[in-house]
Engineer: 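My structure is below; once you've seen it, I'll send some questions.
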Amino acid sequence: MRPTSTSGFYLSRKAVVICSFLVLVLLVVCTVLAILYGKLIAEKTGICSPTLEPHSTDWGTAAPGRQGPWNNSRLPNSLIARNYQLELWPRSLSGLERPSHFFGQVNVTVTCIKETEVILLHSHKLLYTGVTIVSLISPDIRCTWLAVENDYLVIELNKKLITGADYIIQANYSGKLEEYPTGLFISNYTEWGVNKTIIASQMEPVYARSVFPCFDEPVMKATFDIRLVHRPQFVALSNMPAIHFSERLEKNGAWKVTTFNTSVKMSTYLVALVISDYGCVNTTSNGVEIRVWADKEAISNGEAQYAINVLGPIFSFFEEYFNVSYPLSKLDVIALPGFEANAMENWGLLTFRKDILLHHPKEFTEDMFETSLVIAHELAHQWFGNLVTMYWWNDLWLNEGLARYFEFIGASVVFPSATIDNIILTEEFLHMSPVAEKEDNVRTPDEISLMFSGVTYNKGANVIAIASRIMTKELLAKGLRSYLKTFSYSNTVTDDMWNHLQMAVDSQDAIKLPASVKSILETWAKQKGFPLITVNTTSGIITQEDNIEKEMENNMSNNLWFIPVFWMKNGSNQPVFWLVEKINTIPEVKCTTDEEWVLLNFNISAFYRVNYDDSNWHRLSLQLNNDPSAIPVINRAQMISDAFHLARVGHVDIEIALEMTVYLAKEKENLVWLSTMEHLKHIESMLTATSSYGLYKKFFFDRVVPFYHYQMKLINHDFNNTNNDEINISLFVLTLETVCQLNLKDCLDRATSLFTQFMSNPAVNTIPHRLRKVIYCGAIKAGTIIEWDFAFSIYQMHISISDDLDLLRAMACTTDPWMLTRYLQYAMDESKIPKVHSWGVFEHVAKYPIGWILVWNFIRANWKMFEARKAEYFDWQYILWTLIEGFTSNFQIKELELFLNNTAKGHDVSALLQQSNEDFENKLKWQEKNNPKIYNWLSRNIG
């Protein structure tokens, strides 16, 4: 029975058959036309038809004998990127579950601002199956090829693009998932004993081009519409929140498609992608959802809790301080296994190395302070770097220097001791390069990578710290807020920063500067080196010069700095003055009595060193002995650092530096000891084989032991209490290591006691993780073969990498030569010690006086064994460096030369020999010059 209807129309069975046949014919015709069109496009572009398998050979990888814009390492200014529509699909080519490649589709919307017949996009190791140009009047593609040298996909057209017109560049392509954390990479991890994988990205500085064809320069900001295809059991993350989920079916099963909201305008290096089976914890701050992602085992153990606790307060502080709202609705923070960098500031999706971000709640350590610094650094980037970005990589300091400066300020929200006032002192004074380079000097990927240096980060932060001192913190904040608001979603150069700081200064009358902000700060930012100020307190003459060795007269320069001098006299602050010439006379710095003293760079106003006349150095040391509190903590650290550095390069006698440390038995401040310990241990290493060593050990012992007892009192003599806020765990470990090496009985007894407990119950190691290397070492040093063999048995269990390394170092601490010799023999037996660790054995043994001669003799006697194991020169050069430090005569250096020349013929050892000779000659010169002085000084000062 047919249905009846009072309306509509009716077709007979015959008509239906005819219509169906016509539709089928039409579909066949359309398919044929589509195939023909695809072949035509492939012929025009020089690209193969789409296929699942990536091509095994490159296509068109060289310019056809012509010069063009592809020969320039910088993009032409003919196109502006507006938007990327990007889909990525990581998958396996072999049908295995673990992905090995990714397949991508991208539509890049661009606007033509200058007529051109050539389109260049950055592309690195991507293989294409189709490239087209779409617009109202689509231009024909003459050819498409890869300019490999400059990482370009080159699209040559038959006619010019029209100025003002929009075009869409469409590409289908594939690439390989990297095992190394660059571009789009895959990493392994374990979760409750199960092996798992995670896919993540690292685009900075120039790896976006290895994930999708793009205009990979920071000034080429655009919006991004991202879609990720992945297995349904995984979660996909990107810069923006996910807004849609769908399913894609194929013969190998179902796939989940996660679509993300359109991003804010941003640079390509900030694009972030993660596909994982992670879990998360979350909170909110000012309406922004914050989530910390990690493997589910870590989440279950509470290891993400510390990070989620500090993210909110630091985030809120920055929003208020910068007076610019965070523009996204969410902030994801994820812990990645095998991530090389500490962290990356991708907008809305911060990626962290796992051990930096996560902490077990029962192990509160100084690592949490480091975590706070890194979190604050990456959060500061959401404004400095993401919202406002440097125009080109030569001005990277506008990103990294500002973030480095604000990491201390942000971390102080949760760690009040993290003050920016300490940044200048706690960084090495190795700022020999300008903070910003000329744009033409930074063009290639290698040159760009060189910009990520300590100079960019630390010197850049110090420049801002100087601005804060001379402008005041309030005016600095005003200038930075204006800078952020003016250049939001845009790019800047260094002059833009100077201009906005100048505007803040010009807006008031209280602070007067001797020159423009640019003139002052560029002497610090764009000159090589940093100044040394020399003060004569008898004449009042002050000079400034480059901080270089006296012997390097050929390197003397005419550099001048605008130096703000904050200073004090007899413990009282004095009015600031400016040094702007090579030589200045400041009558106020004259001292007329034996009780008067002056101190320059009060509370560290800028990074420069200060040298005084001998009389003032002596009066400062007397003040330290009488009442160190009259001098600020940071300046006590600075004076000791300056004195030892200046003694090392020949500006002052070594006795002056030693004199500044006499008072140290009274010193209880971590900052001073952090500055001092390195210098004291360096002097110790220089004296090991000299007649002064015994006296120096006693001098060092008498100063450091009181500080050890003070630290032990802070933790109530219980190593499990090292989470005390007043304890710097790194310094505490260094102090323990030092006093144990100096044979302090209390330290050795505690180490032995803890190690004995461990030996009685190896399944439960109660020794705090951060102290294990020093406890193991102290116990083995004080112990016998029983302790050593136990340590070796634990090492062979390979409980954890960190324990392996701690035990490896500790087993070199024994003072029994026969045990050390046996240890070296074990290092040549891969069944006992893996090859990857064997070189560490030699290096650690050679660091001790009794060990270095054993290593030297062992290498010479067993060279054939080294050769049999195919030892590479670069594997053992580090051992030789350690040995060189222990040599005491030119004869031994000659032995080294003869040995290397006779045995390492297949290696280029000339550089090592030259450097070893230079280092040893410098050491001998230092000892010849300073050892008699040190011996006499110690004899007078050790009663």
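All values reported here derive from a predicted model rather than from experimental measurement.
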Engineer: What are the two closest heavy atoms between A343 and V374, and how far apart are they?
Structural biologist: CB-CG1, 3.7 Å
Engineer: Distance-only, no hydrogens or angles: does the T661 side chain make a donor-acceptor pair with backbone N or O of L664 under 3.5 Å?
Structural biologist: no
Engineer: For side-chain contact (heavy atoms from CB on, under 4.5 Å), just list the numbers for L736 and F719, CA-CA rounded to whole Å, side-chain angles, deciding distance to a tenth of an Å, and then say yes or no.
Structural biologist: CA-CA 11 Å; L736 283 178; F719 289 151; 4.2 Å; yes
Engineer: Between K925 and E928, does any side-chain N to carboxylate O distance fall below 4.0 Å?
Structural biologist: no
Engineer: Do F384 and L480 have side chains that get closer than 4.5 Å, going by heavy atoms?
Structural biologist: yes
Engineer: Do V610 and M639 come within less than 4.5 Å of each other through their side chains, counting heavy atoms only?
Structural biologist: no
Engineer: Side chains of I542 and V565: closer than 4.5 Å at any heavy-atom pair?
Structural biologist: no
Engineer: Could you verify whether a donor N or O on one side chain and an acceptor N or O on the other, from T537 and R619, lie under 3.5 Å apart?
Structural biologist: yes
Engineer: Parallel, tilted or perpendicular for Y696 and F700, by the 30°/60° rule?
Structural biologist: tilted
Engineer: With rounding to the nearest 0.5 Å, note down the distance linking CD1 in I715 to OG1 in T722.
Structural biologist: 6.5 Å
Engineer: Given side-chain contact (heavy atoms from CB on, under 4.5 Å), test E370 with N342 step by step and report yes or no.
Structural biologist: CA-CA 10 Å; E370 177 68 17; N342 280 345; 4.2 Å; yes
Engineer: Locate the shortest heavy-atom distance separating A630 from Q623; write the atom from each residue and the value.
Structural biologist: CB-NE2, 3.5 Å
Engineer: For the backbone of L396 and the side chain of T456, can you confirm whether one donor and one acceptor N or O come within less than 3.5 Å of each other?
Structural biologist: no
Engineer: Could you tell me which non-hydrogen atom of K698 sits nearest to which non-hydrogen atom of I942, and how far apart they are?
Structural biologist: CD-CG2, 3.7 Å
Engineer: Looking at P628, is its backbone amide N or carbonyl O close enough to the side chain of R636 to form a donor-acceptor pair, meaning the two atoms are under 3.5 Å apart?
Structural biologist: yes
Engineer: Between atom OG of S605 and atom CG of L600, what is the distance when rounded to the nearest 0.5 Å?
Structural biologist: 8.5 Å
Engineer: Quiz question: by atom type and distance under 3.5 Å, do the side chains of S621 and E659 form a donor-acceptor pair?
Structural biologist: yes
Engineer: When rounded to the nearest 0.5 angstrom, what is the spacing between CZ in F408 and NE2 in H377?
Structural biologist: 11.0 Å
Engineer: With distance as the sole test, does T738 use its side chain to make a donor-acceptor pair with the main-chain N or O of L734 at under 3.5 Å?
Structural biologist: yes
Engineer: Can you give me the closest heavy-atom contact between V598 and L620, atom names plus distance?
Structural biologist: O-CD2, 3.8 Å
Engineer: Does some side-chain heavy atom of F530 sit less than 4.5 Å from a side-chain heavy atom of N559?
Structural biologist: no
Engineer: Mind telling me whether F452 and Y457 have parallel, tilted or perpendicular rings, with 30° and 60° as the class edges?
Structural biologist: tilted
Engineer: With a 4.5 Å cut-off on side-chain heavy atoms, are F566 and N573 touching?
Structural biologist: no
Engineer: If you measure only the distance, is there a donor-acceptor pair under 3.5 Å linking the side chains of T534 and N611?
Structural biologist: no
Engineer: Between N931 and Q927, do the side chains contain an N or O donor and an N or O acceptor separated by less than 3.5 Å?
Structural biologist: no
Engineer: Taking side chain as C-beta onward, heavy atoms only, is K526 less than 4.5 Å from L521?
Structural biologist: no
Engineer: Under a 3.5 Å threshold, yes or no: a donor from one side chain and an acceptor from the other, between W567 and E588?
Structural biologist: no
Engineer: How long is the straight-line distance from OG1 of T676 back to CD of E669, given to the nearest 0.5 Å?
Structural biologist: 11.5 Å
Engineer: Using the side-chain hydrogen bond (donor to acceptor under 3.5 Å, both in side chains) rule, take N743 and K781 through it: C-alpha gap first, then chi angles, then the decisive distance, then the call.
Structural biologist: CA-CA 9 Å; N743 296 323; K781 179 180 181 180; 2.8 Å; yes
Engineer: Would you please name every residue forming a salt bridge (Lys or Arg N to Asp or Glu O under 4.0 Å) with K666, sequence neighbours left out?
Structural biologist: none
Engineer: If I compare all heavy atoms of F732 with all of M712, which pair ends up nearest, and what's the gap?
Structural biologist: CZ-SD, 3.8 Å
Engineer: Return yes if some donor-acceptor pair links the side-chain N/O of K459 with the main-chain N/O of S433 below 3.5 Å, else return no.
Structural biologist: yes
Engineer: Side chains of S572 and N570: donor-acceptor distance under 3.5 Å anywhere?
Structural biologist: no
Engineer: Checking N635 side chain against N601 main chain: does a donor-acceptor pair fall under 3.5 Å?
Structural biologist: yes
Engineer: Say you draw a straight line from CG of L579 to CD1 of I533; how long is it, rounded to the nearest 0.5 Å?
Structural biologist: 5.0 Å
Engineer: When the ring planes of W498 and W397 are compared, do they come out parallel, tilted or perpendicular, using 30° and 60° as the limits?
Structural biologist: tilted
Engineer: Has the side chain of S468 got a donor or acceptor atom that lies under 3.5 Å from a matching backbone atom of I464?
Structural biologist: no
Engineer: Give a yes or no on whether the backbone of H682 and the side-chain of S685 come within a donor-acceptor separation of less than 3.5 Å.
Structural biologist: yes
Engineer: Is there a donor-acceptor pair closer than 3.5 Å between any side-chain N or O of D395 and the backbone N or O of L398?
Structural biologist: no
Engineer: Would you say CD1 of I511 has more than 12 non-hydrogen atoms from neighbouring residues, nucleotides or ligands within 6.0 angstrom?
Structural biologist: yes
Engineer: Between W524 and N462, does a side-chain contact (heavy atoms from CB on, under 4.5 Å) hold up when you go through it step by step?
Structural biologist: CA-CA 9 Å; W524 298 97; N462 284 328; over 6 Å; no
Engineer: Show your reasoning for whether side-chain contact (heavy atoms from CB on, under 4.5 Å) applies to Q638 and S675.
Structural biologist: CA-CA 8 Å; Q638 174 223 10; S675 174; over 6 Å; no
Engineer: Rounded to the nearest 0.5 Å, what separation is found between the NZ atom of K590 and the NZ atom of K569?
Structural biologist: 10.0 Å
Engineer: Report yes if the distance between the aromatic ring centroids of F699 and W937 is under 6.0 Å, otherwise no.
Structural biologist: yes
Engineer: Has R404 got a side-chain atom pairing as donor or acceptor with G454's backbone, closer than 3.5 angstrom?
Structural biologist: no
Engineer: SG-SG distance between C813 and C777 under 2.5 Å?
Structural biologist: yes
Engineer: Which pair of non-hydrogen atoms, one from M660 and one from A643, has the smallest distance, and what is that distance?
Structural biologist: CG-CB, 4.1 Å
Engineer: Heavy atoms, side chains only, cut-off 4.5 Å: are I563 and P531 in contact?
Structural biologist: yes
Engineer: Using the benzene-type ring in the case of Trp, are the ring centres of W673 and F707 under 6.0 Å apart?
Structural biologist: yes
Engineer: Do the non-hydrogen side-chain atoms of Q544 and E581 ever get within less than 4.5 Å of each other?
Structural biologist: no
